[in-house]
Amino acid sequence: YNVLAYLDIGPTLANMYEQMFAQMGSAMMPDGMSGMMDMAITMYRSYPPMAMGLTLLDGRSLTMDYAVGSFNISEMEAAMGLDPMTIPAPVSLDFAQYIPADAPIVIHSTGAGESTKRSLQVMAYMVDAFKEMAFMFSDMGSGSGMDDIPQFVRDITGNDVRAFINLSFAGMTGLNLEKDVLDHINGNSAFYLRFLLSDVLGYTLDGAIIIENAEPDAMQKIFDGLVGALEQYDANFELEGEAVSLPGVIRGFFPAGMPEEMMAAPELDFMFGLDDNLFAFGTRQAVEFSLDASGDSLADDPAYSEAAQYFLDDTVMVWYLGFAPIAEALNVVAASDTVDSFTANDLEMVSTALSIFSSASITASLDENYSGVARFVLTLAE
């Protein structure tokens, strides 16, 4: 590395909170505040040291590695009522074959189901924490309006909100969100976005979320549950083999009076579909590409292949940004008759600036002790 930095700020923050706690005294604290202070001190006591290194690889790739020591989060998880964190499996870079080559924005990871379940647990904790803070400030005299809130609302807990989400999903689809869906989508998954030229629309955004079909029976049950929900509620949809098109989802965001020819453009179809490899949902062209995967994919793209050389081994996520497709899209917009000359000049200047770069990426690895490394790479164009 050309530059190194080291920081161990956890003990300092813990000591600061302890001194603050000692000066205030537990008797002076509102109900709930002492527990929050104890949790903060515990968290900072276990907060790991951090290190950062900067270097230039192969003369064109500015690289920053950010490392964090082992982190004991079990006490914090117990205090927040969270299940133990599951370490995500490394991503498979072969998954890039289901992403079109001209997609400049890609987020690829594993463990989507576990991450969503944990987010629901954190949301439940935050609901309770915010409610406790609201009542605390009310007791301090800064929230007199709390007395006007109905008792049944005051009694709602974070787990009540979580249960409502699960029950709502089950009522619509007949599926248990956590057991029938989230437990089965922990393989590779990706979100991507690209710019498409259109004969009718001029240019449009095209993108999808794709999920590895690692458990075919479970994924078929999810697909059938969604189709069943559409049938039950008389939704406007059309079955196209193992895919479903929903023409009103995206078009519903457009104002009334749009030209009929524009509203009929297939680029405005929302779809979801399932095959032996993937469950995909997004705009038509993206879903059709990912389920068919017969064109040039991101795995064939030279800029992505070059960026992949610098990905961390066993990375659990890939955030990728390709600059050439964005610069090209800006040039297309600048050359169209939808913008004035001043805007066109600005777009061309931005496009020229972006053309300096080839790609940017973020990857990260994590071990069983929650010690991890994140790598940020920015590669200049040749």
Side-chain angles (χ1 to χ4, degrees), residues 83 85-101 103 106-120 165-193 206-233 235 237-246 249 269-300 314-318:
D83 292 337
M85 180 178 172
T86 301
I87 304 298
V91 300
S92 170
L93 298 185
D94 292 340
F95 203 64
Q97 67 184 297
Y98 303 114
I99 301 172
V106 178
I107 299 175
H108 176 194
S109 64
T110 60
E114 289 295 332
S115 297
T116 305
K117 287 172 67 175
R118 191 172 182 85
S119 296
L120 290 173
I165 294 172
N166 282 311
L167 287 171
S168 298
F169 187 84
M172 290 188 295
T173 65
L175 300 172
N176 182 296
L177 176 61
E178 298 191 20
K179 295 181 180 179
D180 294 334
V181 179
L182 299 182
D183 282 348
H184 305 287
I185 58 172
N186 289 304
N188 286 270
S189 60
F191 163 78
Y192 66 84
L193 193 66
D206 181 51
I209 294 175
I210 56 176
I211 301 169
E212 180 182 2
N213 185 1
E215 300 182 46
D217 291 342
M219 296 298 271
Q220 187 65 53
K221 183 178 179 180
I222 294 171
F223 180 85
D224 293 341
L226 294 175
V227 173
L230 294 173
E231 293 173 339
Q232 179 180 352
Y233 293 102
F237 73 99
E238 183 177 348
L239 270 172
E240 302 179 15
E242 283 298 301
V244 175
S245 63
L246 295 138
V249 172
D269 287 343
F270 180 86
M271 296 187 73
F272 66 88
L274 175 71
D275 68 8
D276 293 339
N277 301 308
L278 298 175
F279 186 99
F281 56 98
T283 49
R284 175 177 288 276
Q285 280 82 351
V287 170
E288 289 179 341
F289 176 90
S290 293
L291 294 179
D292 185 34
S294 60
D296 291 336
S297 73
L298 194 65
D300 306 313
D314 295 329
T315 181
V316 299
M317 54 166 266
V318 174

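Quick caveat, the model's predicted, so the values are computed rather than measured. All values below were derived from every heavy atom in this structure, side-chain atoms included, with hydrogens, water molecules and symmetry-related copies excluded.
Rounded to the nearest 0.5 Å, atoms OG (Ser297) and CG (Asp94) are 10.0 Å apart. Atom OG of Ser115 and atom CG of Asn186 lie 7.5 Å apart (nearest 0.5 Å). We find the CD-CZ distance between Glu215 and Phe279 to be 14.0 Å, quoted to the nearest 0.5 Å. To the nearest 0.5 Å, atoms NE2 (His184) and CD1 (Ile222) are separated by 6.5 Å. In this structure, CZ in Phe281 is found 12.5 Å from CG in Leu274, a value given to the nearest 0.5 Å. Remark: Glu114 CD to Ile185 CD1 distance equals 10.0 Å, nearest 0.5 Å.
Residues Asp300 and Gln97 are not in side-chain contact: their nearest non-hydrogen atoms beyond the backbone lie 4.5 Å or more apart. A 4.5 Å side-chain heavy-atom check between Phe191 and Val106 finds every atom pair outside the cut-off. At least one side-chain heavy atom of Leu246 sits less than 4.5 Å from a side-chain heavy atom of Leu230. You'll find the side chain of Met317 stays beyond 4.5 Å of the side chain of His108, heavy atoms only. A 4.5 Å side-chain heavy-atom check between Phe169 and Asn176 finds every atom pair outside the cut-off. When side chains are defined from C-beta on, Phe237 counts as touching Glu231, because their heavy atoms get closer than 4.5 Å. Between Glu212 and Asn277, the closest side-chain pair of non-hydrogen atoms is not below 4.5 Å.
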Applying side-chain contact (heavy atoms from CB on, under 4.5 Å), run through Val227 and Val244 and close with a yes or a no. CA-CA 8 Å; Val227 173; Val244 175; 3.8 Å; yes
Using the side-chain contact (heavy atoms from CB on, under 4.5 Å) rule, take Ile210 and Phe95 through it: C-alpha gap first, then chi angles, then the decisive distance, then the call. CA-CA 10 Å; Ile210 56 176; Phe95 203 64; 3.6 Å; yes
Criterion side-chain contact (heavy atoms from CB on, under 4.5 Å) on Val91 and Leu93, from CA distance to verdict: CA-CA 6 Å; Val91 300; Leu93 298 185; 4.1 Å; yes
Could you go through the side-chain contact (heavy atoms from CB on, under 4.5 Å) check for Ile211 and Met219 one step at a time? CA-CA 10 Å; Ile211 301 169; Met219 296 298 271; 4.1 Å; yes
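Contact record, Gly171 with Tyr233: O-OH, 3.5 Å, taken as the closest heavy-atom pair. Closest approach of Gly273 and Val287 over heavy atoms only: N-CG1, 4.4 Å. Here the shortest heavy-atom pairing between Gln232 and Met172 reads OE1-O, 4.1 Å. Across all their heavy atoms, Leu278 and Asp275 have their closest contact at N-OD1, 2.7 Å. Across all their heavy atoms, Leu120 and Leu177 have their closest contact at CD1-CD2, 4.3 Å. In plain terms, the two heavy atoms of Leu291 and Ala280 that are nearest each other are CD2-CB, 4.1 Å.
Within 6.0 Å of CG on Asp276 lie no more than 12 heavy atoms contributed by other residues, nucleotides or ligands.
Salt bridge status for Lys221 with Asp180: present, with a side-chain N to carboxylate O gap under 4.0 Å. Glu240 and Arg284 are joined by a salt bridge, as a carboxylate oxygen and a charged side-chain nitrogen come within less than 4.0 angstrom of each other.
In this structure, the side chain of Tyr192 engages the main chain of Ala286 through a donor-acceptor pair within 3.5 Å. Between the side chain of Ser245 and the backbone N or O of Met271 there is no donor-acceptor pair closer than 3.5 Å. Between the side chain of Ser189 and the main chain of Thr110, no donor-acceptor pair closer than 3.5 Å is present.
Looking at Glu178 and Asn166, their side chains do bring a donor and an acceptor atom within 3.5 Å of each other. Under 3.5 Å, the side chains of Asp206 and Thr283 contain a donor-acceptor pair of N or O atoms.
Between Phe272 and Phe223, the gap from one ring centroid to the other is short of 6.0 Å.
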